[in-house]
2 protein chains.
Amino acid sequence: MADGGALPKAQITRRLILEAAASLFRQKGYAEVSLREIAQLAGVKTGSLYYHFESKESLVEEILTLGTQGAFEASRDAVAALGAAADPVDKLEAAFTAHARFLLEKEDFASANLKILPQVPPAIRERHVRQDREYATFVAAIIDEIADAGRLGPDVDRTLLRMLCFGALNWSISWFDPKGRSPSEIAAQLMILIRRGALASPS
Amino acid sequence: MADGGALPKAQITRRLILEAAASLFRQKGYAEVSLREIAQLAGVKTGSLYYHFESKESLVEEILTLGTQGAFEASRDAVAALGAAADPVDKLEAAFTAHARFLLEKEDFASANLKILPQVPPAIRERHVRQDREYATFVAAIIDEIADAGRLGPDVDRTLLRMLCFGALNWSISWFDPKGRSPSEIAAQLMILIRRGALASPS
DNA sequence: TAATCAAACTAACGACCGTTAGAATTTCTC
DNA sequence: GAGAAATTCTAACGGTCGTTAGTTTGATTA
């Protein structure tokens with residue numbers, strides 16, 4: 001039967017391998033996970049991996065790309081949905097909420113990315129740090145919007161603020177519990193910190 | 001010559017091995033680093049490692065302990081130096097500043113700890129998560145002090161606040177640049193966020 | 001049903017890993 | 001300086017790793 005859609009049988013297996021690998025990489029790290037382990041979780045024999053991927057490195061490279069692009073797109077779409085004229089602080093909230101959501105409740109690509117990017121061979125790492133930089137620039141632009149409107153505290157460093165916020169969110173992959181606070185609540189708490197600080201009355 | 005101090009020759013080599021291993025673990029991860037690599041950086045042949053350590057696992061275990069204890073003690077001492085009657089917010093600042101300093105400018109044990117704790121064999125990991133928990137409890141008590149004085153914002157979750165702050169600090173090992181902002185400045189920026197938020201005027 | 005191609009499997013290779021036994025060397029004691 | 005103890009090195013082991021060649025199975029077309 002002529003398949004009209006672009007869904008050859010192999011693409012399904014390919015996806016299964018990617019998801020199995022991302023899940024294991026996220027839990028254990030890059031070198032800690034063997035191709036035999038990935039194949040087993042994907043329900044495939046080890047040698048079969050090489051029908052779909054050139055090497056372990058090319059497999060991890062695709063996972064890294066899926067993670068970065070996914071988080072970036074989720075963030076960008078959420079901000080775009082507000083319209084260009086929206087309050088830039090609301091834009092920041094949309095970006096952080098989408099980031100937390102993609103990181104913690106979607107597939108494992110984004111969390112695997114954060115976990116293994118520093119462990120991956122240097123050549124691959126450098127290539128993907130660029131992609132991360134695009135994402136960083138996007139968020140930096142939102143913070144610039146806030147600053148240009150004169151709404152940033154006088155002693156606040158834009159870059160440092162961005163780093164600390166992303167750190168707070170990204171680190172959550174190491175303590176997040178699906179039965180505890182939701183990704184949205186985590187992002188919301190961060191926004192409270194940004195908008196008013198953690199304290200009640202004056203300084 | 002009868003050495004009065006407890007510094008046999010071997011302790012020096014032992015320390016060199018620990019520092020070499022911590023440095024490599026911090027950069028690459030646990031399984032990514034071989035004993036041959038560690039030995040070479042320490043200026044020792046591979047087999048000699050086993051005169052000082054029982055196994056790779058016992059070596060990494062000591063590094064984990066040095067990291068956790070070091071950060072905890074640095075934090076605890078800095079808080080204690082303020083006196084028990086000090087402003088609890090100042091205590092928090094002292095704890096975070098000491099944490100950032102130990103993490104970023106002292107030896108690599110603390111940063112190696114954060115990096116490889118999730119990658120290490122489960123038995124070792126569980127043992128050391130307990131040590132981390134003691135440290136977490138210590139900081140949680142300071143935040144409780146702030147809350148009990150009624151100085152925490154009404155919509156602030158104590159646990160979430162602690163997690164986000166430690167995340168912001170801990171993640172800095174992935175972007176910290178000795179030529180950029182100092183550890184103290186990083187902690188100070190976080191405290192600005194906690195005390196007043198990032199924005200200038202009212203909400 | 002026979003031929004063709006896609007997809008997955010089997011079995012093995014060389015390289016590197018953590019680890020160990022035993023010899024060589026250095027350092028300390030008398 | 002001789003002997004003992006502490007420290008380091010040499011050389012190799014079994015096991016696992018990523019990878020590959022060749023074969024088998026499954027699906028597609030005529």
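Note that this is a predicted model, so its numbers are computed, not measured. Every chain is numbered from 1 and lettered A, B, ... according to where its sequence line falls, protein lines coming before strand lines.
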Problem - Contact under 4.0 Å: B/Ser48 side-chain N or O vs D/dT7 OP1/OP2 - result: no
Exercise for the section: Go through D/dT7, C/dA8, D/dT19 for me and flag the one nearest to the B/Tyr51 side chain. Expected result: D/dT7
Handout entry: Whether B/Arg151 side chain and A/Leu199 backbone form a donor-acceptor pair below 3.5 Å
Key = no
Practice task
Might you work through the salt bridge (Lys or Arg N to Asp or Glu O under 4.0 Å) test for A/Glu107 and A/Arg15, ending with a clear yes or no?
Solution key: CA-CA 12 Å; A/Glu107 297 122 348; A/Arg15 180 75 186 185; 3.0 Å; yes
Practice task
Provide, to the nearest angstrom, the distance between the CD atom belonging to A/Gln11 and the C1' atom belonging to D/dA27.
Solution key: 16 Å
Problem - B/Tyr30 and B/Phe25 aromatic ring geometry - parallel, tilted or perpendicular at 30°/60° bounds - result: tilted
Handout entry: salt bridge (charged side-chain N to carboxylate O under 4.0 Å, His left out) involving B/Lys28 - partner list, sequence neighbours excluded
Key = B/Glu37
Fill in the blank from the handout: Taken to the nearest whole Å, NZ/A/Lys45 to C1'/D/dT25 is 14 Å
Problem - side chain to side chain contact (heavy atoms under 4.5 Å, CB included) involving A/Arg158 - partner list, sequence neighbours excluded - result: A/Ile143, A/Asp144, A/Ala147, A/Asp148, A/Leu152
Exercise for the section: Could you tell me whether the phosphate oxygens of D/dT8, OP1 or OP2, come under 4.0 Å of any side-chain nitrogen or oxygen in B/Thr13? Expected result: yes
Handout entry: Side-chain touch B/Leu92/B/Val139, heavy atoms, less than 4.5 angstrom
Key = yes
Problem - Integer-rounded Å distance: C/dA6 P and A/Arg14 CZ - result: 16 Å
Practice task
For DNA chain D, determine which residues of residues 16-44 of chain B have any heavy atom closer than 4.0 angstrom to one of its atoms, and list them numerically.
Solution key: B/Arg36, B/Val44
Exercise for the section: Taking the six-membered ring for Trp and the full ring for Phe, Tyr or His, determine whether the centres of A/Phe102 and A/Phe109 are under 6.0 Å apart. Expected result: no
Problem - Residue list, side chain to side chain contact (heavy atoms under 4.5 Å, CB included) with B/Ala136, at least two apart or on another chain - result: B/Arg162
Practice task
For DNA chain C, just give me the dot-bracket, please: Watson-Crick or G-U, both distances below 3.5 Å, ( ) intra-strand, [ ] crossing earlier pairs, | paired with another strand, . unpaired.
Solution key: ||.||||||||||||||||||||||||.||
Handout entry: Neighbours of DNA chain D within residues 52-67 of chain A, by heavy-atom distance under 4.0 Å
Key = A/Ser55, A/Lys56
Problem - NZ/NE/NH1/NH2 to OD/OE distance under 4.0 Å, A/Lys115 and A/Asp108 - result: no
Exercise for the section: Please assess A/Glu134 against A/Arg130 for the test salt bridge (Lys or Arg N to Asp or Glu O under 4.0 Å), listing each intermediate value before the final yes or no. Expected result: CA-CA 7 Å; A/Glu134 284 185 45; A/Arg130 272 197 207 152; over 6 Å; no
Handout entry: Integer-rounded Å distance: D/dT7 C1' and B/Tyr50 OH
Key = 17 Å
Handout entry: Parallel, tilted or perpendicular, as decided by the 30° and 60° cut-offs, for the rings of A/Tyr135 and A/Phe72
Key = parallel
